[in-house]
Amino acid sequence: MSEYSSQYDLAVISTRSTDSNIELWGRCKTGESIFLQIEGLKPYVEVTYKGIETPSDIYQRLEELRKRDDVVELLELGDKWTESGNKKMWKVIMKGSQHKDRKLFREENRDDWKFYNADFNHERRLFLDLDLGTHISVNCEVNEDHKFPVDIYAKTDINNLKNIEAFQAPFVIASFDLETSIADNSILCAAVIIDQLDTSGQRKKQPEDYTFIGTEKEIMKGMTDLIRSKDPDIITGYNIDNFDIPRLEERLNYLTRKEDKKSREELFGWSRAPNKIPSDMVPKKKFNSKKWEIIGRCFVDAWWQARMMLRPKRETLSYVSQLLFPEREDLRKLEIDASKMDEEWKNRPEEVLEYCKRDALLPWEILDELKIIPGKESLAAVSKTSLDIVINGTTSNWIDSLVIRLADRSNVAVPMTKRYDRSDQIAGGYVHEVEPGVFPWVAVLDFKSMYPSIMINNNICRTTMIEDINSQLPCHESPDGVKYLHKNQREGLVPKLLMDLMSQRDFHKNEMKKAEKDGNKPKKRFHDGMQYAVKILMNSFYGVFASVFYRFTHKNIGSSITAWARYNITEIIRQLEEENQNVVYSDTDSIFVSVPMNNNVPTKRSEIESEAKVFDDAKEELIRFGHELAERFTEDAAELEFETGLSAFFSHGAKKRYVGRMIWPKEEMIIRGYETRRSDSFTLLTNTMTSMFEYILDGNQESAIKEVIDLIKEVKRGHADVEDLVISRSCKGKVLKDGTVDFNDVYSNPDGLPFVKAAKERIKLGLEFTSGMKVAYVVTKTSGSTQEVEPWLVEDGGEPVLNYDADYYSKRLAKALGRITEAFGWSESELLSGTRQTTLFSF
DNA sequence: ATCATGCCCTAA
DNA sequence: TGAGTTAGGGCATGAT
């Protein structure tokens, strides 16, 4: 029985440690926001002696540690596995819980000791030591008398926390936008949208909206009061990390004195608790990072999320919104020229305010449409971390969360992050040469979760890797000669975790099917999200273990995984070729094999029913062949699956570039690698190429070539729509304190890059620039050897570019499309001239 | 003209 | 965004 009277189920948003407590912020299942002060977990590191033998003066050394001011207690732990064998460990309980405390301790004792469990934040220990995940139940004592902006402020200790089944927390979301003066950077007006998810991950139909006008101080104070009273868990907006948040900070510094804590908090005190240094509630940039930190809440930039998930050609809010919501007429209204904001604000403030409100709502609608928040929560649940770690942390943090807790329970010492040195990189996957041309009837097979399977099957882990070259223990030996102990000698941590994840995924897939049968949509969505999160996490293991810095890896681990992968795939190719089967293509974990057919079966199904049977029979044969191959080459857990049946496959002869007419399990055209897939290509090229591929896969090459020749003529005459010629590439640059951008810092010859020229034009016009953003432009002229470009600013409220370099665009089209038509005898120059000597087709 | 280099973006 | 990997295509520039 708990000594405390209150009990809550909650999702953990973020945590922080002080020397005596761990602080935790969460959102309860019942809707309240909660702050917990948790007692009883003391900060510690683990140590052992250097070398293999126990030093003779070990007790004297331990005594010296014990006498230190920063050490509270020293406990003997028994033996743990380390990279240099099993060694006795001691737990050093420390006074300080902060990074600097551990760092100092390590530095002052590095001559005598090796350190384990010594380089990550104390608050993570809460999850690791108590084996907690994102969703927990707590018994606590509520304190009504507090100053934090949360619904429940409570105290508890580590004995009153327990894991519960994952659920979707009813997170509160705030989305905001500022309109600012070009002339003096001041804030003209602002809007904030407040919304909340329900426990099935859906949002309210009608979110609340608030607008703010008046003096800058009134606007900032109004927003801050709203944030404090509505108490959101997630704060979003479009490009807030690079624009709105820094602007709020800049205006805060302009309007207040550094020491005036009270005013600063009144204007921008959005956090749920004060920072450590300076002790105020104002969000700040994390040390040595570009990320903004807000205690107890999470900033989520909708720009970054949309970019990662959609890979849009352009990245302005208006472009992304139209991409996601093409039906929405309201998005086309209210165009305000952002480069003339001061005039707009003066002449039609009401429209500007409406525009601001819309731009505050859209980021939240984007996050909602992409199901970002439920997705993050699922990933947090599967990796057993706080929401904050999933949003702001790194892939290795997720892996750490699972590996460290298992290591602790398996008496494996947790080493520190390794030093960064990537001088020689490991070999990767195998890619098969591809011949140019059309290949009818192709079965595509691929290995199911190839890298995870390899890790499981061969018991690959740092703890099972054999370094003793004379070892006679039973083991798995990789094609590049790395040995791993058999499972019956020692089970690796990584294979165990991966197997657990695999069965977790099966569980969620099953639950998903059940829910679908019952017509329970929210439940189906939930389990679908969970199984997807498990997939993402499983696929992250290889990358982290192939990295050079990860604490639980070794260079040989990454190289042996890929060596096995190359061996498996090339061995199958070898066997097939020995049987005179035609392997058309292969990349890393997939094989494309020609299906032997008796005669020339058309690759397109005839409209006439009596003639369609040939095609249908061929399709049957394709499916049978695919399944048969898959079964033949599946071994143990290395499962080869028949993934796709193609009626036709085409490549112009370059690796990682191909198209296929998929007819099984569903009908669609697949395109890989080609310009069509690239966000830095222009619409006219991608559209033409797509249409060409359609013709080619249907066996109608004549139409494909005809279309290209006609198009190139039109482009040469200057008849193309300039909007279809916009090229967009991401551009880096170091944004300096005074707002200017240094391109020399990131590029060796910035002025030789067309997208840098375009970025400079943007900046000149007073439009915002952030490093990594996509910059759109049109090539207008080629003088000498370099291009002249004009920025495309339509999505920023500017006018369209009127002319283009006809020579450049027709050449580029001819080049890209010529690579493809070359497979049928039409070269780039022939496409440009529209004629050729020896005609394949007459027109 | 040809080749090397720098850069972006994609496949897996 | 101070940390998942390698393989590969293609464009533009600038030196030879």
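Remember, predicted model here, so these are calculated numbers, not experimental data. Convention: sequence-line order gives letters A, B, ...; per-chain numbering from 1.
Between dT10(B) and R311(A), a contact under 4.0 Å exists linking OP1 or OP2 to a side-chain N or O. In terms of phosphate contacts, Q787(A) brings no side-chain nitrogen or oxygen within less than 4.0 Å of OP1 or OP2 of dC11(C). Residue T394(A) has no polar side-chain atom (N or O) positioned under 4.0 Å from OP1 or OP2 of dG2(C). Between Y658(A) and dA12(B), a side-chain N or O to OP1/OP2 separation shorter than 4.0 Å is present. Checking the phosphate oxygens (OP1, OP2) of dT6(C), no side-chain nitrogen or oxygen of R566(A) falls inside 4.0 Å.
No side-chain donor-acceptor contact under 3.5 Å links K285(A) to the backbone of K291(A). Judged by distance alone, the side chain of D805(A) and the main-chain N or O of T782(A) form a donor-acceptor pair under 3.5 Å.
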### Query
Which is it for H432(A) and F592(A) under the ring pair (Phe, Tyr, Trp, His ring centres under 6.0 Å) test, yes or no, and what are the steps along the way?
CA-CA 10 Å; H432(A) 200 62; F592(A) 294 59; over 10 Å; no
#### Entry: Verdict with supporting geometry, W303(A) and R307(A), side chain to side chain contact (heavy atoms under 4.5 Å, CB included)
CA-CA 6 Å; W303(A) 167 64; R307(A) 169 183 232 258; 3.8 Å; yes
### CA sep, side-chain torsions, deciding dist, call: E571(A), R574(A), salt bridge (charged side-chain N to carboxylate O under 4.0 Å, His left out)
CA-CA 5 Å; E571(A) 185 56 22; R574(A) 191 189 62 75; 2.6 Å; yes
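If you look at F769(A) and F743(A), their ring centroids are closer than 6.0 Å.
Nearest to the side-chain atoms of R677(A) among the listed nucleotides dA3(C), dC11(C), dT10(B) stands dT10(B). Nearest to the side-chain atoms of R657(A) among the listed nucleotides dG10(C), dC9(B), dG4(C) stands dG10(C). Here the nucleotide nearest the side chain of E675(A), chosen from dC9(B), dC7(B), dG10(C), is dG10(C). Checking dA11(B), dG9(C), dC9(B) against every side-chain atom of A654(A), the shortest atom distance belongs to dG9(C). Considering only the side chain of H652(A), dG10(C) comes nearest among dG6(B), dG4(C), dG10(C). Nearest to the side chain of D589(A), among dA12(B), dG4(C), dC9(B), sits dA12(B).
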So which protein N/O to nucleotides 3-5 of chain B N/O distances come out below 3.5 Å?
none

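Using bins of under 30°, 30° to 60° and over 60° for the plane-to-plane angle, the ring pair F545(A)/Y550(A) lands in the perpendicular bin.
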